[in-house]
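Before any comments, here is the structure.
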Amino acid sequence: MIDAAALPHPLSPKITLLHPHAEGAPAPPYLPGVVVTSCDRAPGLALTARDTAIGIWWRDPPPVVALLDQAADAALPDGRLTVGADPATIAAAAEDLVGTGSLALPTAQALIADLTQVLTRFAAVSRARHLAIRLEVVSGPACRRFHQDHVRARLLCSYRGPGTELAPETVDRDSGSAALCLGTGHVAVLRGHRHPLGAGRVLHRSPQGVTGRRLLLAADADPD
């Protein structure tokens, strides 16, 4: 664990960066209210630290990303489920969602395994009883405007194509530029307006200028 005072960016002294990136690896741009780690502790920080609205697990792309890049668009899964948040139910939901597509068996198995890991971790840190899960094929920018969500907590991870774009609350919501862009496989957990700590001061939107089809995982903790 590294103390915030030792970092080049002026993080709040209440926030620490866990397991920093390997030496020589490019660091993501600094954005107040966002904590970035190369381990899966960042999502929990977003939901417990008042000064942090979004936690990003800035991981290396999992092996399934390369497999999905080779998959035909027509084979991609597309579905949604609301399920209990226990590990066995999440694993079964991941299998059901991937089964809505026609991926090659190695790709399907790799995607099921990663979905199960990511969603189980999200359920644990959000202390959710239920998860509303979407694994959807997205063509073009689904959200062109910077915004915040009316949820307690939301997880986002793009398995094919670029990830979510982030900006401070001062950005022009209609025509402003992103300050930080998630890559494929990065996992973000965002507080929404229903969270006891509020949604914070960071906005997000879908990636702009995307021409191909993306495969996006989105999950909400204890939806209405």
Evaluate the side-chain proximity of Pro62 to Gln117: yes if any heavy-atom separation is below 4.5 Å, no if none is. no
Is any side-chain heavy atom of Asp40 less than 4.5 Å from a side-chain heavy atom of Val187? no
ILVMFWY cluster, Ile112 and Leu216 together (side-chain gap under 4.5 Å): no
Treat each ILVMFWY residue as a node, draw an edge where side-chain heavy atoms are under 4.5 Å apart, and state whether Leu81 and Leu76 are in one component. yes
So, are Asp114 and Arg59 salt-bridged, with charged N and O less than 4.0 Å apart? yes
So do the side chains of Leu135 and Thr100 get within less than 4.5 Å of each other, counting heavy atoms only? no
Less than 4.5 Å apart, side chain to side chain, heavy atoms only: is that true for Leu182 and Ser158? no
Judged by atom type as modelled, is there a donor-acceptor pair below 3.5 Å linking the side chain of Asp78 to the main-chain atoms of Glu136? no
Approximate separation, where rounding is to 0.5 Å, of Arg134 CZ and Arg154 CZ: 5.0 Å
Would Ile133 and Leu115 count as a side-chain contact (heavy atoms from CB on, under 4.5 Å) if you check the C-alpha gap in whole Å, the side-chain angles of each, and the deciding distance to 0.1 Å? CA-CA 10 Å; Ile133 308 168; Leu115 288 172; over 6 Å; no
Non-hydrogen side-chain atoms of Ser126 and Leu155 separated by less than 4.5 Å: no
With side-chain contact (heavy atoms from CB on, under 4.5 Å) as the criterion, how do Leu215 and Val137 come out once you've worked through the C-alpha distance, each side chain's angles and the decisive distance to 0.1 Å? CA-CA 5 Å; Leu215 182 63; Val137 178; 4.2 Å; yes
